[in-house]
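Every value quoted in this text rests on a predicted model; they were computed, and no experiment measured them. All ligand and atom numbering here is 1-based and tracks the order in the structure.
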Amino acid sequence: MTAPWRATVLTLFPEMFPGPLGVSLAGKALSSGLWDLEARDIRASATDRHRSVDDTPAGGGPGMVLRADVLAAAIDAADNAVGVPRLLMSPRGRPLTQAYVRELAAGPGALVVCGRFEGVDQRVIEARNLEEVSIGDYVLSGGEIAAMALIDACVRLLPGVMGKAESGAEESFSETLLEYPQYTRPQAFEGRQIPEVLTSGDHAKVAAWRRAEAEALTKARRPDLWAKRHGPPKNTTDG
Ligand code: SAH
């Protein structure tokens, strides 16, 4: 028997977990032991009598910075999380993509450090070899929601979590295409019908329609993804 995929989260707000990860797909999988979650309080590793975890930035400036010594001690105390990638949620990190999610989900789990305030002391990133991971080009007030996004994306790919194995293969980004439009009953909604091809029973036609829709959507909405698939658009005007 192999151990379940394990997320160990280091946070100043362990009460935020499992939160949204405790319901629906991820929640059911959590209670049935398909994966495992431990939220550990960084503050438990504080050493002074005020249990302080942060201090003012060296060189001045606004806000507070998470202390290297406290965070390092919290990481070292997470003895359940040996041999897993050590991640730090960070807006300047490696962008979280479906390919990266697949890579993480295929491994044994992850140790996920959640920053707060202005971020964390650079030295702990280096000394504990943390890989910085970003969920997008915007700034959250803390790493917890980012960690939840990462964990949720991984967990739904674990064997047995999603109903049908296929439902993971066809959706957005699996082939760097956005997903085709979905419909369900009723057949008519405010005068709009379900596209006829989808109720034709012709599986080949349905597949071709979905493919064409996915390609059109990707071209229109995400020229960056489309270019990755097909190479940059050729300049035919020649100056
Ligand atoms: N001063 C920092 C922002 C700190 S935000 C800067 O300008 O880069 C506080 C914490 O929220 C960060 O340490 C990080 O853990 C988390 N966070 C904020 N935005 C994020 C994002 N886009 N992706 C991942 N984590 C993020």
Geometric N/O contact [X] with ligand 1, under 3.5 angstrom:
| X | answer |
| --- | --- |
| Ile135 | yes |
| Val139 | no |
| Val120 | no |
| Ser141 | no |

So does Arg94 pair up with Glu132, basic N to acidic O under 4.0 Å? no
Using 4.0 Å as the upper bound for N to carboxylate O, is an ion pair formed by Asp69 and Arg67? yes
Given side-chain contact (heavy atoms from CB on, under 4.5 Å), test Leu88 with Val133 step by step and report yes or no. CA-CA 6 Å; Leu88 169 65; Val133 182; over 6 Å; no
Donor-acceptor contacts under 3.5 Å from residues 31-39 side chains, at least two apart:
unit_1	atom_1	unit_2	atom_2	d
Ser31	OG	Gly27	O	2.9
Ser31	OG	Lys28	O	3.4
Ser32	OG	Lys28	O	3.0
Ser32	OG	Ala29	O	3.4
Trp35	NE1	Ala26	O	2.9
Asp36	OD2	Arg6	NH1	2.2
Glu38	OE1	Arg6	NH2	3.4
Glu38	OE2	Arg40	NH1	3.1

Heavy atoms only: which of Leu150, Thr11, Val113, Leu140 lies closest to atom 19 (N) of ligand 1? Leu140
Using heavy-atom distances only, which candidate in Arg92, Met89, Arg116, Glu118 approaches atom 1 (N) of ligand 1 most closely?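 Among Arg92, Met89, Arg116, Glu118, the closest heavy atom to atom 1 (N) of ligand 1 comes from Glu118.
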Side-chain donor-acceptor pairs of residues 106-120 under 3.5 Å, sequence neighbours excluded:
unit_1	atom_1	unit_2	atom_2	d
Arg116	NE	Glu144	OE1	3.0
Arg116	NH2	Glu144	OE1	2.8

Show the nearest heavy-atom pair for residues Ser52 and Arg43, with the distance to one decimal. CA-NH1, 4.4 Å
Just which atoms of ligand 1 are under 4.0 Å from any heavy atom in [X]?
| X | result |
| --- | --- |
| Phe117 | 4 (C), 5 (S), 9 (C) |
| Ala146 | 24 (C), 25 (N) |
| Ser134 | 22 (N), 23 (N), 24 (C) |
| Gly119 | 13 (O) |
| Tyr138 | 19 (N), 21 (C), 22 (N) |
| Val133 | 24 (C) |

Nearest protein heavy atom under 4.0 Å from atom 7 (O) of ligand 1, yes or no: no
Val155 and side-chain contact (heavy atoms from CB on, under 4.5 Å): which partner among Ile151, Leu157, Asp152? Ile151
May I ask you to check whether Glu131 and Tyr100 show a side-chain donor-acceptor distance below 3.5 Å? yes
What is the nearest protein non-hydrogen atom to atom 13 (O) of ligand 1, stated with its residue, atom name and distance?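 Of every protein heavy atom, Gly115 CA, 3.4 Å lies nearest to atom 13 (O) of ligand 1.
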What is the nearest protein non-hydrogen atom to atom 25 (N) of ligand 1, stated with its residue, atom name and distance? Ser90 N, 3.2 Å
Does Val53 reach the side chain of Leu66, with side-chain heavy atoms less than 4.5 Å apart?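 When only atoms from C-beta onward are counted, Leu66 and Val53 do touch, with a gap below 4.5 Å.
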Out of curiosity, Asp121 CG to Leu71 CG, how far, rounded to the nearest 0.5 Å?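 Reported to 0.5 Å precision, the distance equals 9.0 Å.
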Applying a heavy-atom cut-off of 4.0 Å, say which part of Pro91 lies close to ligand 1: side chain, backbone, both or neither. both
